[in-house]
Amino acid sequence: MSLLEEYWPAGLGALALAAVSLGTYLGTGRLLGVSGMLARLLRPRETMRLARSERGLTDTEALARALEAATRAEFGGGCDAVPLPPPPGVTAAGRPLPASIPRPPWAALAVFAACTALGGLLSATLSGTLSFHWDLGPVHGRLFSEGPTSWVILLLGGVLVGFGTQMAGGCTSGHGLSGCSRLQPASLLATVCFFGTAVLLSLLLARIMA
Amino acid sequence: MKTTLVLGAGGLLLGFSLSRIGFTDYGELHGMFIFADLRMLWVFAGAMGLCMLGFLLIDRRLFRPTRRVHPGVVPGGILFGAGWALCGACPVVPLVQLGEGKLAALFTLLGVAVGTLLYRPLHARIFRWDTGTCDS
Amino acid sequence: MASKQCPHAADCPLFAAFQVRAFLRIWQMNYCDATFERCVRYQRIVEGKEVPLSLMPNGKQLPDLGAPKKE
């Protein structure tokens, strides 16, 4: 039972995180990115409107008809006399439209968020560490004291995390896992920046408070 | 429906394993950042390697560089890193911490929400650089 | 021919659709090639907003196609 009492060894942890990342991609067709999901979760009306407007786009036949109607409405007969030649390999009827993958609906994002908390609850219950408290443990207490002072630090840190991940376009999952593993230059750069900054600031804090 | 089930299962596994890895424990995280304990670094290196292997097997086209290096990547990364060192949380962590009974994470969560909502109006008004993709 | 094409052409699902139906190429001519700044999809990206799959470059939404028959 030590896997429930002690923290997991690196191999098991790596396996679990990779399973989440790959499983999400295989199951939803979209790469995992928590900061983006959180941003959509925080704007329910916009997310629901978006999902409604994308409804039915997986039906490529209906999509083709809708696109044709929109084209005729905009350009009239002009679309039959396009000076651009059809792309290579395309007949007048065309190839099948590429399938589009709709974004997850708002409810699915809410389920995701609730389930992460549930996962934490399950872990704390099974390991017997579940207890309710208003501090983040001795190390955070030593660095930032406890009570209201530490809460202000948490709030400030949270704002930086929210703002920074939106600005960088991803977080530990979107850039760190989904991006770096696919060798995306932007993700490698972002990861070096956020990890490097966290390391430098932590070393500095540890030194000052030692 | 399938998406909901997949994200629910993914969230459950993510929350559970982040907690069992120690990623939601500020002391563990701080220990990783000051290189006192390298275990969690290996977790991430390993996860990245396994993901790379998986994505290679699924579809090589995933490796085409689609993520744009826009002017927000570096400053955004730096701000996120600073916040991460202060509150010990990447965006999903405060949710998991609340599940574990760490009520102080309510403040972190509130901060993350405020920061997230704050960014877009500022981007539309001031930054306005091209961030990337029609399909994200 | 080295015209300035929309930087998002490669990952725009609509641009991909324009490539497989001859009559849709008129959109590409009028927006993606050279004058992409007036594409509403492009403008939304610059504002950091999400772009619905169903938003045409001229700002019109495709009609609601109804719930998909089967997921």
Side-chain angles (χ1 to χ4, degrees), chain A residues 7-8 10 13-14 16-18 20-22 24 27-28 34-35 38-39 104 108 111-112 115-117 119-121 123-124 130-132 134 136-137 139-140 151 154-155 157-168 171-172 180-182 184 186 189-190 193-194 197-199 201-202 206, chain B residues 3-4 6-8 10-17 19-22 26-27 30 33-34 39 42-43 46-48 50-52 54 62-63 67 69 72-74 76-87 90-92 95-96 98-101 103-104 107-108 111-112 114-116 119:
Chain A
Y7 287 138
W8 283 353
L17 294 186
V20 174
S21 168
L22 294 170
T24 308
T28 67
V34 175
S35 57
L38 211 61
V111 166
F112 173 80
C115 282
T116 55
L121 176 67
S123 154
L130 182 68
S131 68
F132 295 93
W134 286 93
L136 275 192
V139 177
H140 199 265
W151 299 338
L154 290 181
L155 197 65
V159 171
L160 289 174
V161 169
F163 193 88
T165 50
Q166 294 305 308
M167 191 175 201
C171 58
T172 356
C180 285
S181 67
R182 296 180 301 123
Q184 299 289 320
L189 182 62
C193 288
F194 66 68
T197 311
V199 164
L201 186 56
S202 297
Chain B
T3 306
T4 311
V6 170
L7 287 183
L12 198 64
L13 182 59
L14 182 65
F16 184 77
S17 40
S19 170
R20 288 330 302 150
I21 289 163
Y26 186 86
H30 184 74
F33 286 148
I34 62 171
R39 182 185 55 91
W42 291 118
V43 171
M48 245 177 241
L50 287 171
C51 283
M52 191 187 292
L62 287 164
F63 288 78
R67 305 221 55 177
V69 184
V73 171
V74 170
I78 289 173
L79 290 176
F80 168 34
W84 197 13
L86 292 179
C87 65
C90 64
V92 75
L95 290 164
V96 185
L98 281 178
E100 297 171 323
L103 300 172
F107 294 100
T108 321
V112 172
V114 169
T116 300
Y119 181 71

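By convention in this document, chain letters (A, B, ...) are assigned in the order of the sequence lines, proteins followed by strands, and residues within each chain are numbered from 1.
The choice from B:C51, B:G27, B:G46 that makes the most heavy-atom pairs within less than 4.5 Å of chain A is B:C51. The choice from B:L103, B:V6, B:V69 that makes the most heavy-atom pairs within less than 4.5 Å of chain A is B:L103. Contact count against chain B (heavy-atom pairs under 4.5 Å) is highest for A:L155 among A:V111, A:L155, A:V34. With chain B as the partner, the residue from A:V159, A:L130, A:V139 showing the most heavy-atom pairs under 4.5 Å is A:V159. Most heavy-atom pairs under 4.5 Å with chain A: of the set B:L98, B:I34, B:L62, this distinction falls to B:L62. Contact count versus chain B (heavy atoms, under 4.5 Å) is highest, among A:S123, A:G164, A:G27, for A:S123. Most heavy-atom pairs under 4.5 Å with chain B, from the set A:S181, A:G137, A:A10, A:A18: that is A:S181. Heavy-atom pairs under 4.5 Å with chain B were tallied for A:G13, A:A39, A:A190, A:G120; the largest tally goes to A:G120.
Note: A:L154 CG to B:T108 OG1 = 4.0 Å, rounded to the nearest 0.5 Å. To the nearest 0.5 angstrom, A:C115 atom SG is 11.0 Å from B:L95 atom CG. Going from atom CG of B:L12 over to atom CG of A:L121 covers 10.0 Å, rounded to the nearest 0.5 Å. Remark: A:S21 OG to B:M52 CE distance equals 12.0 Å, nearest 0.5 Å. Atoms CD and CG, from A:Q166 and B:L79 in turn, are 12.5 Å apart once rounded to the nearest 0.5 Å.
For B:V43, the parts lying near chain A are the backbone and the side chain together; criterion is any non-hydrogen pair under 4.5 Å. Looking at A:T24, the atoms closer than 4.5 Å to chain B (heavy atoms on both sides) sit in the backbone and in the side chain alike.
Inter-residue side-chain proximity for B:Y119 and A:T165 is flagged as unmet; no heavy-atom pair is nearer than 4.5 Å. Two residues are said to be in side-chain contact when any heavy atoms from C-beta on lie closer than 4.5 Å; B:L13 and A:L17 fail this criterion. Side-chain contact between B:P91 and A:V161 is present, with heavy atoms from C-beta onward closer than 4.5 Å.
A:Q184 places a side-chain N or O within 3.5 Å of a backbone atom of B:R67 that can act as its donor or acceptor partner. A side-chain donor-acceptor contact under 3.5 Å links B:R39 to the backbone of A:W8.
Here the shortest heavy-atom pairing between A:P104 and B:T3 reads CB-CG2, 3.8 Å. Nearest approach of A:A206 to B:H30, heavy atoms of both residues: CB-NE2, 3.8 Å. Between B:V73 and A:A186, the shortest heavy-atom contact is CG1-O, 3.6 Å. Among all heavy-atom pairs drawn from B:T4 and A:A108, the shortest one is OG1-CB, 3.6 Å. Residues B:G22 and A:Y7 come closest through the heavy atom pair CA-CE2, 3.4 Å. Minimum heavy-atom separation, B:F80 to A:C171: CE2-CA, 3.9 Å.
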Dump the intermediate steps for side-chain contact (heavy atoms from CB on, under 4.5 Å) on B:L7 and A:T28, then the final yes or no.
CA-CA 8 Å; B:L7 287 183; A:T28 67; 4.2 Å; yes

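In this pair, A:F194 and B:W84 present their aromatic rings perpendicular. The plane angle is above 60°, beyond the 30 to 60° band.
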